Student: 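Before I ask anything, here is the structure I am working with.
All values reported here derive from a predicted model rather than from experimental measurement.
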Amino acid sequence: MNGATVASKPALSVEDVLSAVRQWPAAKRVGLLQQVAAIFAEQKAHKSQPISPVSLADIWALLPTDMPSLTDEELDQLQEQWRLEKHG
């Protein structure tokens with residue numbers, strides 16, 4: 001970082017974060033989900049206690065029901081982005 005500590009930043013409420021994330025395009029929101037899942041995987045690797053697995057269906061169930069559905073084109077873009085991240 002640039003010398004600033006996390007403690008010196010003002011805390012954001014969950015509502016503030018969700019409000020900002022709602023403004024993002026679908027691909028960026030999915031990327032955020034992937035990063036959060038990676039954090040849980042990291043924590044699981046460092047702890048002796050097992051963390052109960054979270055399925056994609058569980059994650060989808062947490063999403064608001066009024067979210068617009070992804071188009072086939074958006075899904076294709078997400079799939080291509082995932083392939084590039086996975087295989088380079």
Student: When clusters are formed from ILVMFWY side-chain contacts under 4.5 Å, directly or step by step, what else is grouped with L18?
Tutor: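 V14, listed by chain and number.
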Student: Could you pull out all donor-acceptor pairs under 3.5 Å where a side-chain atom in residues 78-86 meets a protein atom, sequence neighbours excluded?
Tutor:
unit_1: Q81; atom_1: NE2; unit_2: E85; atom_2: OE2; d: 3.2

Student: Apply side chain to side chain donor-acceptor pair (under 3.5 Å) to D16 and list each qualifying residue two or more places apart in sequence or on a separate chain.
Tutor: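 Once residues adjacent in sequence are excluded, the partners of D16 under the side chain to side chain donor-acceptor pair (under 3.5 Å) criterion are S13.
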Student: How many angstroms lie between OG1 in T71 and CD in Q77, if you round to the nearest 0.5 Å?
Tutor: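 That separation rounds to 7.0 Å.
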Student: Taking side chain to side chain contact (heavy atoms under 4.5 Å, CB included) as the definition, give me every residue that meets it alongside V36, ordered by chain and number, with sequence neighbours left out.
Tutor: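 V36: side chain to side chain contact (heavy atoms under 4.5 Å, CB included) contacts with L32, F40.
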